[in-house]
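Take a look at the structure set out below.
The chains referred to below are lettered A, B, ... by the order of the sequence lines, with proteins before strands, and numbering in each begins at 1. Everything numeric in this text was worked out from a predicted model, so none of it was measured.
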Amino acid sequence: NAGVTQTPKFRVLKTGQSMTLLCAQDMNHEYMYWYRQDPGMGLRLIHYSVGEGTTAKGEVPDGYNVSRLKKQNFLLGLESAAPSQTSVYFCASRDYNEQFFGPGTRLTVL
Amino acid sequence: KQEVTQIPAALSVPEGENLVLNCSFTDSAIYNLQWFRQDPGKGLTSLLLIQSSQREQTSGRLNASLDKSSGRSTLYIAASQPGDSATYLCAIMGSSNTGKLIFGQGTTLQVKP
């Protein structure tokens, strides 16, 4: 039982490049979330999904898109990366009560 | 809008001390409150979860309390150890069905040998 996994662990992008972060969970959870963590700002919700095929905006959705084509996967896309998107990205999934977090992806945009 | 505040931002104590970390929130209509631990460069590890109907939860040397009426939670760590050094995050799950978490900015704890 791997829990929540994230790919990749680290990535460096140039401004304007695109990339996709992959989150996978093997706990059969309906709910999944993408957060970003920045110094002095704490963790903030980017997008979330309450089930396969559904997504919704969180607190800081601009510049990101998401897809939930399969229940176990939640993808976060950056179409045109900007330096302001340099951050650590965490994915989480939820059972009835508790959220379980992945190990994070550290992204630097130059 | 729910806001979560953690005080102090940083704390340094000698090994063996008992200590209390504080978390306050502005909206008492919560579903639950979760305390996490985060080591430098690592992910979040869940420590304790308190449902809105509960007053406290305990796990080993950790005890978390919840007072919804005053909008406060505390995390009590007994007999602190250097291995307890980490950042501790408090997060609120609101009463909506989305399950979103609102996080405080954390308290960074250093326990000196």
Q | Per-residue contact mode, A:Q37 against chain B (heavy atom under 4.5 angstrom) | A | side chain
Q) For B:L101, is it the side chain, the backbone, both, or neither that has a heavy atom closer than 4.5 Å to a heavy atom of chain A? A) both
Q | Under 3.5 Å side-chain donor-acceptor pair for B:Y76 and B:E56 | A | no
**Q.** Where A:T54 and A:G51 come nearest, the two heavy atoms and their spacing
**A.** OG1-O, 2.8 Å
**Q.** Proximity breakdown for B:I102 and chain A, heavy-atom pairs closer than 4.5 Å
**A.** neither
Q: Spell out, yes or no, whether B:L48 and B:I30 are grouped together once hydrophobic residues are joined by side-chain heavy atoms under 4.5 Å, including indirect joins.
A: yes
Q.
With a 4.5 angstrom heavy-atom cut-off, is it the side chain or the backbone of A:Y35 that approaches chain B, or both, or neither?
A. side chain
**Q.** Within 6.0 angstrom of A:Q17 CD, more than 12 heavy atoms from elsewhere
**A.** yes
Q | Backbone of A:N97 reached by a side-chain donor or acceptor of A:R94 within 3.5 Å | A | no
Q) In terms of ring plane angle, is the pair B:F36 and A:F101 parallel, tilted or perpendicular, where the classes change at 30° and 60°? A) perpendicular
Q. Contact part of B:K42 toward chain A, heavy-atom cut-off under 4.5 Å: side chain, backbone, both or neither?
A. backbone
Q. Are A:E30 and A:K71 ion-paired here, with the side-chain N under 4.0 Å from a carboxylate O?
A. yes
Q: Between chain B and each of A:A56, A:G42, A:G40, count heavy-atom pairs under 4.5 Å; write down the option with the most.
A: A:G40
Q) What part of A:R106 gets closer than 4.5 Å to chain B, counting heavy atoms only: side chain, backbone, both or neither? A) side chain
Q | A:L43 portion near chain B, given a 4.5 angstrom heavy-atom threshold | A | both
Q: Tell me, for B:Q51 versus chain A, whether the close heavy atoms (under 4.5 Å) come from the side chain, the backbone, both or neither.
A: side chain
